[in-house]
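Since the structure comes first, as structure tokens, the remarks are kept for the end.
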Amino acid sequence: MRMTRLAFKTQREAPADAEAVSHQLLVRAGYIRRLASGVYSFLPLGFRVLTKLSEIVRAELDAGGAQELLLPALHPIEMWQQTGRLDTMSDVLMTVEAKGGTFVLGPTHEEAVIATITPDLESYRDLPVTVYQIQTKFRDEARPRFGLMRTREFIMADAYSFDASAVGMKDSYTQMYKACVNIFDRLGLPYVPVEADSGAIGGDVNHEFMVPSPIGEDHFAQCGGCGYAANIEAAKRGEARRIPSDSPVLEMKTHATPGAASIKDVVEFFRSEGYEIDESSVMKTLAFKDVRDDVVLILVPGDREVRVPSGLTPLSDADFDSNSFLFKGFMGPMGMQDQGVRVLADYSIYERQSWFTGANLEDHHVSNAVLGRDFTVDEVGSFAIVSEGDPCPNCGNVLSLVRSAEVGHTFQLGLAYSNKIPSATFKAEDGTDQKFWMGCYGIGVSRLPAAIAEHFHDENGLRWPKSVAPYQLEILTITPARSPEVVAFADGVYEDLTSLGIEVLYDDRDLGPGVKFADADLIGIPTIVTIGQRGLANGVVEVKDRFSGERTEVGVPDLVSYLSKL
RNA sequence: CGGGGAGUAGCGCAGUUUGGUAGCGCACCUGCUUUGGGAGCAGGGGGUCGGGGGUUCAAGUCCCCCCUCCCCGACCA
């Protein structure tokens with residue numbers, strides 16, 4: 001492509017709304033342009049990157065045995081009512097009123113793919129099948145961020161597997177998991193598969209593919225010892241070292257703490273009374289109910305957050321009213337088993353001998369509550385969100401937290417969707433109707449350019465890996481307007497390389513050399529070939545590797561064969 | 001949804017305090033010069049100053065309402 005014909009323009013300054021480096025560079029280099037908050041156009045250069053990414057995804061999913069299809073973005077709203085996700089995902093759903101009724105703009109395609117493909121899956125003989133689509137999806141994000149990282153309209157590759165059994169589902173999962181590994185390997189991005197929480201998609205076993213990144217919106221915990229890695233929402237910690245209890249412990253004492261309903265208030269109150277106390281010395285007691293509506297208390301130190309186990313929901317105000325022994329803001333574990341309440345404590349309960357906590361009496365707290373003496377717990381486990389430095393649940397080494405961007409997510413859905421869609425059945429070998437065992441596998445295609453740009457850029461601009469670069473090679477001419485021989489030679493090289501099937505971007509613009517060098521660095525094509533009078537006079541051309549910055553002088557006669565072998 | 005900030009040419013910004021012909025840099029157009037790391041001179045084009053209402057002889061500037069965008073948080077296939 002001759003740059004004089006390319007619809008693009010670089011900008012010296014990034015728009016003020018671009019915060020992330022990747023966002024700034026992608027806009028400045030002419031890859032993307034914002035149309036609305038969280039809505040981006042891909043300009044010709046950007047679209048070529050997107051196409052490269054799609055092709056890699058397509059090739060690896062095909063190799064993994066999946067078949068591509070295309071699903072609508074418009075989903076009849078009834079489908080979403082049937083699975084209950086009209087409610088559970090209402091925060092992000094966008095709808096369209098049309099003549100035929102109301103449609104959901106698909107944020108993900110489980111409903112649509114089941115309706116589309118299961119009529120062809122009538123028998124166990126038809127299984128297993130994995131299908132996928134690469135297309136635009138819509139999520140009405142509360143806060144679009146970081147350019148392409150989180151947008152309201154985005155492109156995803158989603159594969160869906162259908163199996164006759166749990167064992168089959170696991171096989172399909174393994175296949176697609178490998179396909180994801182292959183895809184991210186080809187991108188050259190450092191990624192970490194982590195154990196994850198399944199969120200609104202549902203299902204059981206699942207993994208996220210994380211790329212450590214300063215503009216990531218997730219964190220995962222990683223163990224340097226055994227390789228354990230899990231999303232912070234799912235990560236567990238190991239048991240803490242117990243503090244030896246050789247110092248004298250005072251008796252538990254009740255204090256009037258009027259109005260001190262928060263950890264902060266409690267700390268402030270006891271400090272003003274002369275006690276040595278900080279947030280970590282207060283036992284935070286939070287109340288939940290389980291699926292049978294029984295009350296469950298979870299204890300964590302005041303400076304930590306509870307990681308709510310699945311199946312538990314926080315108590316509403318009405319729940320507090322109907323459980324008169326619970327005083328919101330003044331709860332503690334003492335005597336709770338007598339009320340039929342299960343008490344769960346995080347391992348960090350072993351980190352201190354005695355605690356400040358609620359007295360189970362309006363406007364009162366206690367000091368010196370001691371586990372085993374003043375209260376007991378039903379279970380000690382990992383109930384707090386992990387922090388930097390917590391012990392690994394597998395090997396006890398130290399966990400560290402890594403900021404990261406989620407670029408892929410694979411789920412074993414099991415029967416989660418089949419159960420909600422009665423018509424989604426096949427005939428089993430014994431003639432009975434059976435439900436599909438499903439899996440789903442997503443890759444955030446339009447998010448990848450941001451992740452890649454963020455990881456590979458340098459101070460001069462973008463640096464694309466060869467696998468996704470919009471062009472493999474850029475030819476740049478110096479002072480073309482005054483040197484016909486430069487133009488003639490460069491034209492020839494451009495023609496030769498193009499006819500060899502190499503994707504070449506040819507900067508034939510009549511601009512100062514400084515501008516052209518700067519643009520080449522900004523655009524980030526992997527190999528930059530500089531053709532100028534000075535070099536030609538010596539019979540050489542300069543070839544620069546954008547990644548290493550290394551420049552090589554190549555003799556004119558060898559140039560095309562040299563370049564075609566890069 | 002809570003807190004903070006911002007909307008003036010394609011991009012970056014000044015002008016708003018104290019109302020009086022809408023400016024600068026980049027980009028764009030014309031000409032000349034220049035040319036191996038973001039050139040110079042001269043000339044030129046481009047604006048619903050986010051929108052609506054109000055005050056005033058006069059509003060980018062003052063008042064009221066609304067919209068949009070960005071950052072932190074909440075939320076998050």
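Chain naming here is simple, since letters A, B, ... match the order of the sequence lines and numbering starts at 1 in each. All heavy atoms count here, side chains included; hydrogens, waters and symmetry mates do not.
- Rounded to whole angstrom, the span from the CZ atom of A:F411 across to the P atom of B:rC76 amounts to 13 Å.
- Between the CZ atom of A:F146 and the P atom of B:rC70 there is a distance of 12 Å, rounded to whole Å.
- The CG atom of A:D140 sits 16 Å away from the C1' atom of B:rA74 (whole-angstrom rounding).
- Aromatic rings of A:Y40 and A:H23 (six-membered ring for Trp) have centroids within the 6.0 Å cut-off, being under it.
- Classified by interplanar angle (parallel below 30°, tilted 30° to 60°, perpendicular above 60°), the ring pair A:F436/A:F162 is perpendicular.
- For A:R447, no side-chain nitrogen or oxygen approaches OP1 or OP2 of B:rC76 to under 4.0 Å.
- Spacing of P atoms, B:rG50 relative to B:rG60, comes out at 10 Å, to the nearest Å.
- With a cut-off of 3.5 Å on both pairing distances, B:rG46 has no Watson-Crick or G-U wobble partner at all.
- A salt bridge links A:R237 with A:D346; the closest basic N to acidic carboxylate O contact falls under 4.0 Å.
- Between A:S37 and B:rU68 there is no side-chain polar atom (N or O) within less than 4.0 angstrom of OP1 or OP2.
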Enumerate the protein-to-nucleotides 8-16 of chain B contacts in which both atoms are nitrogen or oxygen and the separation is below 3.5 Å.
from, atom 1, to, atom 2, distance (Å)
B:rC11, O2', A:E13, O, 3.2
B:rG12, OP1, A:A16, N, 2.5
B:rG12, O2', A:E13, OE2, 2.8

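- The separation of B:rC11 from B:rG43, taken at their P atoms, amounts to 27 Å, rounded to a whole angstrom.
- If you take CD of A:Q24 and C1' of B:rC71, they are 14 Å apart, rounded to a whole angstrom.
- Side-chain contact, A:E97 with A:T102: a donor N or O sits under 3.5 Å from an acceptor N or O.
- Residue A:R143 places at least one side-chain N or O closer than 4.0 Å to OP1 or OP2 of B:rC71.
- Of the candidate nucleotides B:rC72, B:rC75, B:rA27, B:rA27 has the atom nearest to the side chain of A:K9.
- Aromatic ring pairs are classed by plane angle as parallel below 30°, tilted from 30° to 60° and perpendicular above 60°; the pair A:W464 and A:Y31 is tilted.
- Rounded to a whole Å, the CZ atom of A:R509 is 15 Å from the P atom of B:rG38.
- Each of A:D521, A:I523, A:I525 was evaluated against A:R546; a single residue qualifies, A:D521, per the side chain to side chain contact (heavy atoms under 4.5 Å, CB included) test.
- Aromatic ring orientation, A:F209 versus A:Y191: tilted (interplanar angle from 30° to 60°).
- Between A:R152 atom CZ and B:rC70 atom C1' there is a gap of 14 Å when expressed in whole angstrom units.
- Near RNA chain B, defined here as any heavy-atom distance below 4.0 Å, there are no residues from residues 208-215 of chain A.
- No engagement by A:E406 is indicated, since no non-hydrogen atom pair under 4.0 Å with the nucleic acid exists.
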Using a cut-off of under 3.5 Å, enumerate the N/O to N/O pairs linking the protein to nucleotides 29-34 of chain B.
none

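- Nucleotides of RNA chain B nearest to A:Y441 and A:G38 differ in position, and the one nearer the 5' end is that of A:G38.
- A salt bridge links A:D491 with A:R2: at least one charged nitrogen is closer than 4.0 Å to a carboxylate oxygen.
- For A:R150 and A:L511, each mapped to the nucleotide of RNA chain B holding its nearest heavy atom, the one lying further toward the 5' end belongs to A:L511.
- For the pair A:I528 CD1 and B:rG36 P, the interatomic distance rounds to 18 Å; values are reported in whole Å.
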